[in-house]
Protein chains: 2
Amino acid sequence: MIRLLLAEDQGMMRGALALLLGMEHDMEVVAQVGRGDEIVDAALLSRPDVALLDIELPGRSGLDAAADLRTEAPDCRVLILTTFGRPGYLRRAMEAGAAGFLVKDGPVEELAASIRQVLRGETVIDPALAAAALSAGPNPLTARERDALAAAVDGATVADIASALHLSESTVRNYLSSAIGKTGTRNRMEAVRAARRQGWL
Amino acid sequence: MIRLLLAEDQGMMRGALALLLGMEHDMEVVAQVGRGDEIVDAALLSRPDVALLDIELPGRSGLDAAADLRTEAPDCRVLILTTFGRPGYLRRAMEAGAAGFLVKDGPVEELAASIRQVLRGETVIDPALAAAALSAGPNPLTARERDALAAAVDGATVADIASALHLSESTVRNYLSSAIGKTGTRNRMEAVRAARRQGWL
DNA sequence: CGGCTCCCGGGACATTTGTCACGGCCAGGT
DNA sequence: ACCTGGCCGTGACAAATGTCCCGGGAGCCG
């Protein structure tokens, strides 16, 4: 029996996947969580063979949780299942030691097949996405540029970002300006969108 | 047998729901589409009793499609199934003649139960969401303010918006300013976010 | 009819934002 | 020891943005 952990914030999606996978004759869902910061605890408790993780979760990113599992539960393989096939996400997933990366498009049959594949020690990635991730190159933004950009997502002013990051307003503007330059965009919002599309956020 | 139409852009979600609902003894999924502009055609072809529509779809909004079904296939009940329980969405869904409004959180069991409820002529809405929609009041933005705000989502400049809407830059700035005032926000991006959270976009 | 609101535009103004040039500090590699 | 690159800050400047005035026209309603 393949023991599965399911981490997904949308209740209906989580429930549907759990029912479907539970119907496979060789699988059972031994844990379900809706938050990223519950993944490690649940994994330690229920000892799954494969953890199916969404990326964008409340509490803690699925990518961070994947890295945690690498050290806390090394014999649990991680399969990332996400809505967005962003190149940067794929790259970070691989660096976090994930064994596979699936997008939520594509047929459901793909899911069970990929789980078995991962359990056999193979790595499963959408070829087109892998090509995009390689051609895009690594994240050119520095840590602070990312911080500034991330703090700017919801329309915060320079003053807001500066106080949130304990920086001077001038510094914040310099970071934003260089981030805008590196993304080849015209203003803060375009830079944010470009960075998110690449999975750099 | 209850005949169902399923409109949902995420392949995995669509497939999972189709399988689950198909397993109910009194239901069958007679049509599945991944785009909003295929809903009416599919409904005319397969004559479903209930159409399960996501809102944010490529091609055409599920809300617009619901309004279309009202006239093109009047005996097909519409059940909106969406990720975001925005007050404005609920309001528009009701105005479009929807028989129910579900969010994708909450358990899967809710789904089949709601479908049967809708078919009995009842209206199904999350009470908390209904309260929020009523207390929020109607959309205070004028049509042009909405247009300007919608065109500003991805970091477009005033010049971009002006040329996209065939307006003068002064006019665009006036619309944006009044939208910012009505949403009680400080700049364009906060206004966009506030409007989207309310479902006013 | 007068009043109202929405649509569209112009002009002036303060504020914010984005850019550039310039410092200094510290860690890393050659 | 030197250079490079990230980090943090300043000051100044042009451009974009947001606000407040002001018009006129169209439609709707009491």
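Every chain is numbered from 1 and lettered A, B, ... according to where its sequence line falls, protein lines coming before strand lines.
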Heavy atoms from other residues, nucleotides or ligands near CZ of Arg186(B) exceed 12 (cutoff 6.0 Å): yes
Short side-chain N/O contact from Ser177(B) to OP1 or OP2 of dT19(D), under 4.0 Å: yes
Interatomic distance, Leu176(B) CG vs dC8(C) C1' [rounded to whole Å]: 14 Å
Rounded distance (Å) that lies between atom C1' of dG6(D) and atom CG of Asn139(A): 14 Å
Salt-bridge contact Arg116(B)-Glu24(B) (side-chain N to carboxylate O under 4.0 Å): yes
Sugar-phosphate only, base, or nothing, as touched by Ala143(B) at under 4.0 Å among non-hydrogen atoms: sugar-phosphate
Gap between atoms CG and C1', on Leu149(A) and dT17(C) respectively (whole Å): 14 Å
Distance, rounded to the nearest Å, where Arg146(A) contributes CZ and dG6(D) contributes C1': 13 Å
Residue-phosphate contact under 4.0 Å: Thr171(B) side-chain N/O, dG9(C) OP1/OP2: yes
Those residues of residues 162-169 of chain A lying under 4.0 Å from DNA chain D by at least one heavy atom: Leu167(A), Ser168(A)
Touch class at under 4.0 angstrom, heavy-atom based, for Asn174(B) against every strand present: base
Validation row: Lys104(B), Asp54(B) side chains within 4.5 angstrom (heavy atoms): yes
Distance test, side-chain N/O of Thr142(B) to OP1/OP2 of dT5(C), below 4.0 Å: no
Side chain Arg3(B), main chain Val29(B), donor-acceptor under 3.5 Å: no
Minimal non-hydrogen separation, Arg144(B) against Leu167(B), with atom names: NH2-CD2, 3.9 Å
Rounded distance (Å) that lies between atom P of dA14(D) and atom CD1 of Ile180(A): 19 Å
Check: Ser177(B) side chain, Arg173(B) main-chain N or O, donor-acceptor pair, under 3.5 Å: no
Tyr89(A) six-ring centre to Arg92(A) NZ/CZ under 6.0 Å and within 45° of normal: no
Base-pairing string, 5' to 3', of DNA chain C - Watson-Crick or wobble, under 3.5 Å, | interstrand: ||||||||||||||||||||||||||||||
For the student: nearest non-hydrogen atoms of Met189(B) and Ala152(B), plus distance: SD-O, 4.4 Å
Gap between atoms OH and C1', on Tyr175(A) and dT10(D) respectively (whole Å): 14 Å
Residue-phosphate contact under 4.0 Å: Arg144(A) side-chain N/O, dG6(D) OP1/OP2: no
Nearest-angstrom distance from the residue atom CD of Glu145(B) to P of dT5(C): 13 Å
Presence of salt bridge, Arg60(A) and Asp68(A), under 4.0 angstrom: yes
Rounded distance in Å - CG (Asn187(B)) to C1' (dT19(D)): 14 Å
Nearest heavy-atom neighbours spanning Leu165(A) and Ala151(A): CD1-CB, 4.0 Å
Letter per nucleotide, 5' to 3', of nucleotides 23-29 of chain C [B base touched, S only sugar-phosphate touched, - untouched; heavy atoms, 4.0 Å]: -------
Side chain to side chain contact (heavy atoms under 4.5 Å, CB included) between Val50(A) and Cys76(A), intermediate numbers included: CA-CA 5 Å; Val50(A) 177; Cys76(A) 169; over 6 Å; no
Check: Gln198(A) side chain, Ala195(A) main-chain N or O, donor-acceptor pair, under 3.5 Å: no
Under 4.0 angstrom between Arg186(B) side-chain N/O and dG18(D) OP1 or OP2: no
Sugar-phosphate only, base, or nothing, as touched by Arg173(A) at under 4.0 Å among non-hydrogen atoms: base
